[in-house]
There are 2 protein chains.
Amino acid sequence: MASPKSAPAADRKARLSRELVLATALELVDAEGLDALTMRRLGQELGRDPMSLYRYAENRAALLDGVSELVLNELPVHEEDPDWKAQLRQIAHNLRLLALQHPNVVPLLVTRPLSTPLGLRPLGTLRPLEQILALLVGAGFSPADALHVYRAYYGFLYGHILNELQEFVVDPEENEVLLRLGLHRLPAKEFPLLRALAPALAEYDGSAELDQGLTILLSGLESQLSLQPAHSPA
Amino acid sequence: MASPKSAPAADRKARLSRELVLATALELVDAEGLDALTMRRLGQELGRDPMSLYRYAENRAALLDGVSELVLNELPVHEEDPDWKAQLRQIAHNLRLLALQHPNVVPLLVTRPLSTPLGLRPLGTLRPLEQILALLVGAGFSPADALHVYRAYYGFLYGHILNELQEFVVDPEENEVLLRLGLHRLPAKEFPLLRALAPALAEYDGSAELDQGLTILLSGLESQLSLQPAHSPA
DNA sequence: CGAGTAAAGTCTACATTGTAGATGCAGCGT
DNA sequence: ACGCTGCATCTACAATGTAGACTTTACTCG
């Protein structure tokens, strides 16, 4: 046997770091869901005492913030792109894919900001916002209009992602659509449309639907906002 | 003194009921937030043993579902309204107001469906969906198109609500905007736009912004979907 | 009116969670 | 060699959700 003192024992005794902690936290959440991310469990996953985690995150809450930040940092934004509509479209699709890759993190992305005032959020979380504003201002919008565009855009985007994840098919083994979505439980007389739409629900093409919505929204915003070049005083 | 046997002692010994339990749960959440809603605390609030709650909700999770359901049931939908755009607009504003009245419940509305397949959700939660579909079909959309409209609409609506709540002003006592939103903490060089937009952030008129977005989206959807009257087979 | 039954409410107990606080332990500069 | 500084661990505790056995209440039927 090698001396257990200095040998790293495969991966056991590597030095901890915030990045490592957050990365394994994310893995854990992806694999087993948010509830599995307890301090004890994460400690065990790292081969360390649970208490050591508190060096790298004040709280469990801060840890969760860290995980959202980690995910959002994987979202590339090219703020110099001259074609703002194309760029926003691409960002949207990228975020959608991110969400599909880390569905268990989505509740965090959506929920945590509700309990944290804008300025106190993890900086990584705010970067996309600032970058998108820069993109829009660079494309010729006034800062105030850029904010309006951002809000409509991001609102729609988040809403779409939530919607799509909510409709996710549950039991792909089952090929009877009513069963797959659990719709058979619904009283047929009170929910005729919903039940009848089972096939349509099953064929949901999220990417296409997102794209359509964006087309509508972006061109609408464009025409509406370029017409009023600035806020006239009073 | 009145005989303590049959007297209700102010409000103490009224018989429990699911409605009563859920109603006080909602009060508690509104007043002190989601974390305050523990079984023990709710029991105390009702003057009963915590365990008695399990007669009226299987779980804490089920209890949370019940609360969302309760809130969503306060949302009126007039599915016979011939003017679908006006009706959708009104629903949107009503839901927005509901959300502002019960901000602590919003995380539930948004998050719980992510862990529950469509057909297994509390029925009260699905009723708005069915009703809106009915409204759209009644207005002349094919069921499949109605679903598309619903998705874009509800997605945008939920997104807007989340956005608006996230930007909520923290400390209205403080009248320096940068402070109110905690923006002073942001490094000025990395977040110039965000900081410069502080006044605009503070004057956010959610209702107006929601309405604008709806105008764009609804008319866009209308023109796009009435052009293709039905899906042609392959 | 009085006994029996089912529902409603309570008590006790336990495993699991986040986290405070004290303790141990490495490696460094002097 | 010494102590200092940051990392890691240990122990302990209060709070939570909930199972299971028990008691109390209310109501029905003879």
Please report the distance, rounded to the nearest Å, between [atom1] in [X] and [atom2] in [N].
X	N	atom1	atom2	value
B:Arg15	D:dT24	CZ	P	17 Å
A:Met51	D:dA8	CE	P	14 Å
B:Tyr56	D:dG17	OH	P	19 Å
B:Met39	C:dT10	CE	C1'	15 Å
B:Leu20	C:dA8	CG	P	14 Å
B:Arg18	C:dA8	CZ	P	14 Å
A:Leu63	C:dT17	CG	P	15 Å
A:Arg40	D:dC10	CZ	C1'	12 Å

Just by distance, do the side chain of [X] and the backbone of [Y] share a donor-acceptor pair under 3.5 Å?
X	Y	answer
A:Arg60	A:Leu37	yes
B:Arg185	B:Leu183	no
A:Tyr153	A:Leu88	yes

Aromatic A:Phe156 / basic A:Arg151 pairing, under 6.0 angstrom, 45° off normal
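Negative - A:Arg151 is either too far from the ring of A:Phe156 or too far off its axis.
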For A:Thr38, report the nucleic acid contact type (base, sugar-phosphate, nothing); a contact means any heavy atom under 4.0 Å.
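Sugar-phosphate contact only - A:Thr38 comes under 4.0 Å of backbone atoms but never of a base.
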Side chain of A:Arg60 only, heavy atoms from C-beta on: which candidate in C:dA8, C:dC11, C:dG18 is closest?
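For A:Arg60, the side-chain atoms sit closest to C:dG18.
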Partners passing salt bridge (Lys or Arg N to Asp or Glu O under 4.0 Å) against A:Arg112 (at least two apart in sequence or in another chain):
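Listed in chain order: A:Asp65.
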Under the rule for salt bridge (Lys or Arg N to Asp or Glu O under 4.0 Å), what residues qualify as partners of A:Glu79, not counting sequence neighbours?
none
Side-chain N or O of [X] closer than 4.0 Å to phosphate OP1/OP2 of [N]:
X	N	answer
A:Asn59	C:dT19	yes
A:Ser52	D:dC7	no
A:Tyr54	C:dG18	no

Helix axis bend for the helix from C:dC1-D:dG30 to C:dT30-D:dA1 - C1'-based end axes, five pairs, 10° rounding:
10°
In terms of heavy-atom contacts, does OH of A:Tyr56 have more than 12 from other residues, nucleotides or ligands at under 6.0 Å?
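It does: A:Tyr56 OH has more than 12 such atoms within range.
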Ignoring hydrogens and angles, answer whether the base of D:dG6 and the side-chain atoms of A:Arg55 contain a donor-acceptor pair closer than 3.5 Å.
no
